[in-house]
Amino acid sequence: VCTVSMSMKHIKSVVPEKPVFLGWKYFCDFGDGVHAFCLLCASEEKEKRYKACKGMTEGLKKHLKNVHGQIWKEVETDTKKRNEEKAKIEEEVESKRRKLGIAKPGDDMKNQPTIKDMVSKFTKVDPSGAIQKKYDEALIEMISCNFLPFKLVESPEFHNLIQCLNPAINLKSRYFYSDLAGKYAKEIIEEVKKLISEYTDASLAITTDIWSSRSQDSYISLTVHFVDKQFRLHRWTPAVSLFNQSHTGENVQEKLEDLLQNKLNIDLDFIDMLQWWKNHSQMFPLLSFLARIVFAVLAASSKSEQCSVQLALLFPTEGPASTQTRWRTFSPSS
């Protein structure tokens, strides 16, 4: 027993002294120097252990996300608050250092700012003014449209580029632009909803894609396609959602309907296509006339029947009254 206890003392705990991952409070060291076990599952007499040596936390995060969803949401919320507070403090400290011309700890004397640099620091634009706002919006658009990481704004090369272009611009942290991107995303979603409601009151073409991330989580996207009044093609991807269900046709259909109804507020009730073309006949007179001809053709399983129906519509053989009535139906002016 003594030998075992002595050997256990030399096994390094997988739980760090100052854990960065806030979910560590729900796990405990397994004692083998490699694994940790879930305290929540242990209370239910279920032995759940996960590899957590050398700072690995992916297994722990995935377990909380898939098994203890509510706990995972709390951990994510607490982590976001901590990062925001940390970024705010760092930004305040850095701002004071710049104003006072104090170098960061560990900087050499050769990195001390010159007189020219000091003058430029006191001529910065207003952090909440119109010029800074225009710069922030342009930067968010560049990052979003080119799928660039937010950490780009903290790289020395990016800082040098901004200093060359306009030294008066205030450089901010990646957390600031991450939150700003979320705010602009909500505004863009509202604009997309407005476009869809204005131009797609009859039909809307959708496509979807399903893929898996590196952590083996499945996601599904919803892309909408439509043409506006100027015949310009629109293609938007307003919704991406976690999709860990089985990839059957029924599940995919159910998920897409949920995204259409809850994300885009699109009513999935049946729409009368003939009524839509009638309402838009002044806008699309020729297409409306052709649509009334096409939609008037009755559905038939046999090709010969389909051909007969089309010929009967185009070359009616009934009496004058019936012929006049049928062609009046297809007349653009009626």
Side-chain angles (χ1 to χ4, degrees), residues 13-87 143-144 147-151 173-183 185-186 189 208-223 237-264:
S13 174
V14 296
V15 183
E17 295 181 1
K18 296 180 179 180
V20 178
F21 175 47
L22 298 182
W24 265 115
K25 60 184 177 181
Y26 300 106
F27 295 89
C28 188
D29 187 10
F30 191 74
D32 59 355
V34 178
H35 298 90
F37 67 90
C38 177
L39 296 173
L40 299 174
C41 294
S43 62
E44 301 174 1
E45 298 182 355
K46 297 179 180 179
E47 184 179 353
K48 298 282 186 179
R49 58 176 180 171
Y50 303 92
K51 193 172 183 180
C53 60
K54 299 181 181 180
M56 297 174 59
T57 57
E58 289 300 323
L60 310 183
K61 293 178 181 178
K62 190 171 183 179
H63 172 70
L64 287 179
K65 190 175 182 179
N66 295 334
V67 181
H68 310 288
Q70 186 62 33
I71 298 296
W72 172 249
K73 291 181 181 179
E74 296 176 1
V75 172
E76 279 189 320
T77 303
D78 295 341
T79 302
K80 185 177 181 180
K81 290 181 180 179
R82 183 192 63 181
N83 293 338
E84 290 175 351
E85 293 174 357
K86 183 179 178 181
I143 291 175
S144 303
F147 303 100
L148 300 175
F150 287 107
K151 66 179 181 180
S173 68
R174 64 179 183 269
Y175 302 108
F176 170 82
Y177 290 107
S178 177
D179 294 338
L180 188 61
K183 296 178 182 178
K186 294 179 180 179
I189 285 293
T208 185
D209 190 17
I210 302 175
W211 69 95
S212 298
S213 64
R214 292 182 178 179
S215 58
Q216 300 304 311
D217 290 324
S218 295
Y219 292 88
I220 185 171
S221 66
L222 172 67
T223 303
T237 305
V240 176
S241 176
L242 191 66
F243 187 62
N244 282 330
Q245 299 97 319
S246 178
H247 297 174
T248 63
E250 294 180 353
N251 289 339
V252 172
Q253 178 184 353
E254 182 179 355
K255 189 64 177 180
L256 291 178
E257 290 180 352
D258 177 69
L259 293 176
L260 286 170
Q261 290 178 332
N262 298 327
K263 292 291 185 179
L264 301 180

Exercise. Work out which heavy atom in L256 is nearest to a heavy atom in S221; give both atom names and the distance.
Key: CD2-O, 4.4 Å
Exercise. Scan residues 55-66 for pairs that pass salt bridge (Lys or Arg N to Asp or Glu O under 4.0 Å), counting only residues two or more places apart or in two chains.
Key: K65-D217
Exercise. Start with the C-alpha distance between S246 and T248, add both sets of side-chain angles, then the distance that settles side chain to side chain donor-acceptor pair (under 3.5 Å), and finish with yes or no.
Key: CA-CA 6 Å; S246 178; T248 63; 4.9 Å; no
Practice problem: Under the side-chain hydrogen bond (donor to acceptor under 3.5 Å, both in side chains) rule, collect the residues that match up with S241, sequence neighbours excluded. | Solution: K255
Quiz item: Donor-acceptor pair, T223 side chain versus T208 backbone, under 3.5 Å?
Solution: no
Quiz item: Between CG of L22 and CG of L64, what distance do you get to the nearest 0.5 Å?
Solution: 11.0 Å
Quiz prompt | Gap between atom CG of L264 and atom CG of L222 - 0.5 Å precision | solution = 6.0 Å
Exercise. Report yes or no: does R82 contribute a side-chain atom to a donor-acceptor pair with the main-chain N or O of V20 at less than 3.5 Å?
Key: yes
Quiz item: Roughly how far apart are R174 CZ and D179 CG, rounded to 0.5 Å?
Solution: 12.0 Å
Quiz item: Is E257 close to Q253 at the side-chain level, that is, under 4.5 Å between some pair of heavy atoms?
Solution: yes
Exercise. Just say parallel, tilted or perpendicular for the rings of F21 and W72, cut-offs at 30° and 60°.
Key: tilted
Practice problem: For residues N251 and F243, report the shortest heavy-atom separation together with the two atoms involved. | Solution: O-CE1, 3.8 Å
Self-check item: Heavy-atom pair with the smallest gap, counting every atom of L60 and A36
Solution: CD2-CB, 4.5 Å
Exercise. Could you grab the distance from atom CG of N66 to atom CD of Q216, nearest 0.5 Å is fine?
Key: 11.5 Å
Quiz prompt | Where at least one partner belongs to residues 67-78, residue pairs that pass salt bridge (Lys or Arg N to Asp or Glu O under 4.0 Å), sequence neighbours excluded | solution = none
Quiz item: In Å, rounded to the nearest 0.5 Å, how long is the span from CD1 of I143 to CG of L148?
Solution: 6.5 Å
Quiz item: Of the non-hydrogen atoms in I189 and P238, which two are nearest, and what is the gap between them?
Solution: CD1-O, 3.2 Å
Quiz prompt | Spatial distance of atom NZ (K80) from atom OG (S178) [nearest 0.5 Å] | solution = 7.5 Å
Exercise. For residues L242 and S218, report the shortest heavy-atom separation together with the two atoms involved.
Key: CD1-O, 3.4 Å
Quiz prompt | Nearest atoms (heavy-atom pairs only) where T79 meets V75 | solution = OG1-O, 2.7 Å
